Each structure stands twice: as structure tokens, then as C-alpha cells.
Amino acid sequence: MKNRICVIFTGGTIGSCSRGETVGLRHESSSVLIEMYKARYGNAVQFDELRPLNILSENVQPADLEKMADCVRGVDKEKYDGIILTHGTDTLCFTANLFSQIFCDLQIPLVFVSALYPLDDERSRGVENFAGAVTFIQSVDFGGVFVSFENYNENCKIHLASRLISATQISGEYESILKVHFGEIVNDKFIYNANALNPAVEQLKIKRKTCPAQKLCMDMVTIQAHSLLNFDFYRFTEVKPKAVMVQLYHSGTVCTEGEEANFKKFLVYCKKAGIPVVIAPIDSCARIYESALGLPEMCTAAYDISFEMATVKVLLALGSGESLDKVLKDNYFFEKLH
């Protein structure tokens with residue numbers, strides 16, 4: 001049985017405790033999470049602990065992400081069956097998608113674990129999420145980046161980190177894009193989800209190429225489409241971003257009529273200003289709405305990936321000096337749906 005796992009603690013709610021009506025970080029030298037796991041599941045697994053930082057994930061900075069990444073890079077992969085990285089839920093989606101790219105060629109599983117409530121709150125599923133990650137690592141013989149997360153009244157699901165999308169508002173539950181998770185934990189066993197959209201297990205065993213984009217850039221503006229969005233307010237006269245990302249409606253559309261809300265007029269402005277614009281998400285297999293005709297020719301379209309993944313790819317391309325088109329088109333860790 002696989003029995004040695006490296007656990008990287010970074011803080012977050014799973015590393016916090018309740019203090020009256022507030023939640024604050026624990027400052028611990030030994031892990032409450034591992035102690036609770038062992039009390040419930042026994043001592044068969046050896047856990048080695050690393051603590052590169054201790055923060056609430058909403059406060060994460062580029063240097064913090066680099067510190068996490070360096071910690072993963074520094075783990076002796078030959079000594080361990082897998083790595084578990086604890087993380088706050090607020091920015092779990094971003095870091096998971098990011099690490100799915102920069103560690104796409106990892107030969108052992110790296111599994112993100114988090115919790116919506118501190119471990120001292122009876123509603124917390126932190127131990128269950130941790131146990132799901134352990135079971136997954138013990139069950140597979142391939143590497144990659146994954147997320148173990150249990151929503152309310154569900155089994156613990158295992159997600160491809162490259163397909164995790166943002167948490168639902170208020171409730172904070174997590175799903176994979178199109179609600180196709182990679183697998184789940186049932187009766188302490190990992191069950192693969194044989195959905196046609198999922199990569200086959202044999203595909204995960206094939207050696208993957210390294211993602212050339214490894215550095216992040218923050219010089220980007222993100223805009224989410226919504227009714228009556230006034231694009232005229234986005235005028236970059238003092239500070240010019242290196243790119244603008246626009247999150248389209250689910251049907252791959254955005255307003256392209258009128259004056260202030262007309263996205264095509266905004267594209268003309270950005271082209272004159274020398275600012276590339278990236279639009280996502282877009283399903284390459286779906287019918288195109290008349291309102292969206294011509295958009296891909298006026299900007300850069302990110303096809304068949306989540307908006308969250310498109311955001312990561314653009315930031316990596318900008319930070320690493322790589323081609324936007326190339327990084328968006330390449331499929332490093334099964335982020336592409338088609």
C-alpha cells in the first residue's frame with residue numbers, strides 16, 4: 001500500500017479556527033488536520049509536513065504563489081506517493097488552475113484540499129476532503145494536479161484542477177466545468193467517472209510536455225459581461241494593461257449593439273491603443289449567435305476552456321513572454337473539452 005505523502009500547509013480556512021464571530025489563522029507547529037485524520041482513519045499513512053506560508057487565500061500575492069510553487073518543486077518526488085496542498089477556498093480555483101499548468105508534467109498526484117469552514121466547526125468537511133485526497137493518491141498510478149472537494153450532501157469529488165470553475169456564490173460549492181468531475185470517493189474507494197469528456201486513465205499515464213509559460217503577470221484587466229455594461233468607462237489613459245480579458249455570457253455572446261454597451265466599439269478602441277483582448281468561454285462545437293459573428297476575428301478567442309483557465313493562460317503567457325495564441329491553444333493538462 002502507498003503510505004508516504006508530503007503535505008504542504010499554506011493556511012486558508014482549513015488552517016484556521018473560530019474566534020467568536022470571526023475566523024482567523026492558526027499558528028501551529030503540528031497539524032490539527034492530520035491529528036483529526038489519524039483519529040478517524042488510523043496511522044497507516046506517514047505524513048511529512050511543510051509550511052512555506054500561512055495566509056488567508058484572498059490575500060495571496062504573486063510572491064506567495066511562487067513560494068508555494070517552489071515548495072512543490074523542492075519536494076523529492078521519488079520519496080512520496082503524492083503531495084497534498086492545503087489552500088483557502090476563496091482563491092482555490094485560480095491556484096488549482098495555475099498549478100495544473102506549471103506542474104502539468106508532474107509524475108505523482110498533487111491534490112488540493114480545502115474547507116468552507118474551520119475544522120472546529122461541525123459543518124467543516126476539511127477532514128473528509130483530506131481523506132478523499134489520501135484515498136485518491138493511494139488508488140492511482142499516474143501524476144497530475146487534482147482537487148478533492150465535498151459539496152453539501154454529496155460524495156467527495158476529485159476534479160481535474162484544470163477544469164475546476166469558480167465556487168458558487170455564497171454557498172461556496174465547487175464543480176468542474178459542465179459538471180463533469182473526474183471521479184469521486186465512494187465507501188473509501190476512488191471511482192473514476194467514465195464520462196466521454198474525461199481523459200481516459202491510460203491518457204494520464206502518458207508523459208506530458210512541460211508548459212513553457214511559468215511566470216505570472218498582473219498587468220491585465222478582467223471584465224465580466226452583464227446587462228447594460230458600459231464599456232466607455234474602460235479607457236486606459238493613465239495605466240495601460242498588457243491585455244484585457246472579457247468573460248462572455250454562457251452562450252459565447254456579449255452586447256454588440258448600441259453605443260456605450262457595444263463591445264465591438266470597445267474592441268476598436270483597444271486595437272488603436274495596442275491592447276490585445278481575449279474572450280472566453282467559447283464552445284467551438286456550439287452554434288454561433290448572430291450577435292457574436294465576427295468577434296473572433298477582432299480579438300483573441302479562447303476556445304473550449306473555462307474562463308478561469310483562460311485567465312491563468314493569459315497571465316502566464318504575458319509573464320513569460322510566450323505567444324497568447326499558442327498558450328491558449330495548447331492543451332497541457334486536459335483543460336480542453338474538445
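None of these values were measured; they are calculated from a predicted model. For this chain, numbers begin at 1 and follow the sequence in order.
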Undergrad: So, S291 versus E257: side-chain donor-acceptor pair below 3.5 Å or not?
TA: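 Distance-only check fails for S291 and E257.
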
Undergrad: Could you please spell out the steps behind the side chain to side chain contact (heavy atoms under 4.5 Å, CB included) verdict for Y332 and I102?
TA: CA-CA 9 Å; Y332 296 107; I102 63 178; over 6 Å; no

Undergrad: Between D105 and K209 (salt bridge meaning N to carboxylate O under 4.0 Å), is one present in this structure?
TA: no

Undergrad: Would you give me the side-chain donor-acceptor pairs under 3.5 Å for residues 146-153, sequence neighbours excluded?
TA:
{"unit_1": "S148", "atom_1": "OG", "unit_2": "N129", "atom_2": "O", "d": "2.7"}
{"unit_1": "S148", "atom_1": "OG", "unit_2": "A133", "atom_2": "N", "d": "3.4"}
{"unit_1": "E150", "atom_1": "OE2", "unit_2": "R125", "atom_2": "NE", "d": "3.0"}
{"unit_1": "E150", "atom_1": "OE2", "unit_2": "R125", "atom_2": "NH2", "d": "2.7"}
{"unit_1": "N151", "atom_1": "OD1", "unit_2": "Y174", "atom_2": "N", "d": "3.0"}
{"unit_1": "N151", "atom_1": "ND2", "unit_2": "E154", "atom_2": "OE1", "d": "3.4"}
{"unit_1": "N151", "atom_1": "ND2", "unit_2": "Y174", "atom_2": "O", "d": "2.8"}
{"unit_1": "N151", "atom_1": "ND2", "unit_2": "E175", "atom_2": "OE2", "d": "3.4"}

Undergrad: So does K205 pair up with E202, basic N to acidic O under 4.0 Å?
TA: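 Here K205 pairs with E202 in a salt bridge, since their nearest N and O are under 4.0 Å apart.
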
Undergrad: Linking I/L/V/M/F/W/Y whenever their side-chain heavy atoms sit closer than 4.5 Å, directly or via other members, would L92 and L65 fall into one cluster?
TA: yes

Undergrad: Under a 4.5 Å cut-off applied to non-hydrogen side-chain atoms, are L160 and P199 in contact?
TA: yes

Undergrad: Report the C-alpha separation of Q107 and K77 in whole Å, then their side-chain angles, then the decisive distance to 0.1 Å, and conclude whether the side-chain hydrogen bond (donor to acceptor under 3.5 Å, both in side chains) test is met.
TA: CA-CA 8 Å; Q107 297 298 299; K77 314 302 189 298; over 6 Å; no

Undergrad: L248 and M220: same hydrophobic cluster, using ILVMFWY side-chain contacts below 4.5 Å?
TA: no

Undergrad: Does OH belonging to Y289 count more than 12 external heavy atoms closer than 6.0 Å?
TA: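 No - once you tally the heavy atoms of other residues, nucleotides and ligands closer than 6.0 Å, there are 12 at most.
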
Undergrad: Decide whether a cation-pi geometry holds between R208 and F333; the criteria are a distance under 6.0 Å from NZ or CZ to the six-membered ring centre and an angle within 45° of the ring axis.
TA: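 Relative to the ring axis of F333, which defines the angle, R208 lies outside at least one limit.
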
Undergrad: Can you tell me if D304 and S284 form a side-chain donor-acceptor pair at under 3.5 Å?
TA: yes

Undergrad: Are H338 and D283 side-chain neighbours, meaning at least one heavy-atom pair lies under 4.5 Å?
TA: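 Sidechains of D283 and H338: in contact.
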
Undergrad: Please report whether the ring centroid of F112 lies less than 6.0 Å from that of F99.
TA: yes

Undergrad: In the structure I gave you, are the side-chain heavy atoms of N262 and F266 within less than 4.5 Å of one another anywhere?
TA: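 Not in contact.
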
Undergrad: Does the side chain of E184 come under 3.5 Å of the side chain of N155 through a donor N or O and an acceptor N or O?
TA: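 On atom types as modelled, these side chains qualify, holding a pair under 3.5 Å.
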
Undergrad: Assess, by modelled atom type and distance only, whether the side chains of T91 and S57 contain a donor and an acceptor separated by less than 3.5 Å.
TA: yes

Undergrad: Mind checking the CE-CZ spacing from M298 to F263? Nearest 0.5 Å is all I need.
TA: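 Separation between the atoms: 8.0 Å.
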
Undergrad: I need the minimum non-hydrogen distance between G252 and A292, along with the two atoms involved.
TA: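 What the structure gives for the nearest pair is O-CB, 3.7 Å.
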
Undergrad: Can we say K313 and E335 salt-bridge, meaning some charged N sits less than 4.0 Å from an Asp/Glu carboxylate O?
TA: yes

Undergrad: Using only atom types and a distance under 3.5 Å, with no angle test, would you say the side chain of R163 pairs donor to acceptor with the backbone of S306?
TA: no

Undergrad: Does any non-hydrogen side-chain atom of Y269 lie less than 4.5 Å from one of R235?
TA: yes

Undergrad: Can you see whether D48 engages Y80 through a side-chain donor-acceptor pair at a distance of less than 3.5 angstrom?
TA: yes

Undergrad: Looking at E297, I'd like to know if its CD atom is crowded, meaning that more than 12 non-hydrogen atoms belonging to other residues, nucleotides or ligands lie closer than 6.0 Å.
TA: yes

Undergrad: Say whether, by atom type as modelled, one donor and one acceptor occur between the side chain of Q203 and the main chain of A200 under 3.5 angstrom.
TA: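 A pair under 3.5 Å: yes.
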
Undergrad: Test of understanding: with salt bridge (Lys or Arg N to Asp or Glu O under 4.0 Å), list the residues that count as partners of R73, not counting sequence neighbours.
TA: E66, D70

Undergrad: Sub-3.5 Å donor-acceptor pair from the side chain of D330 to the main-chain atoms of V327, do we have one?
TA: no

Undergrad: Can a salt bridge be assigned to the pair R40 and E128 using a cut-off of 4.0 Å between side-chain N and carboxylate O?
TA: yes

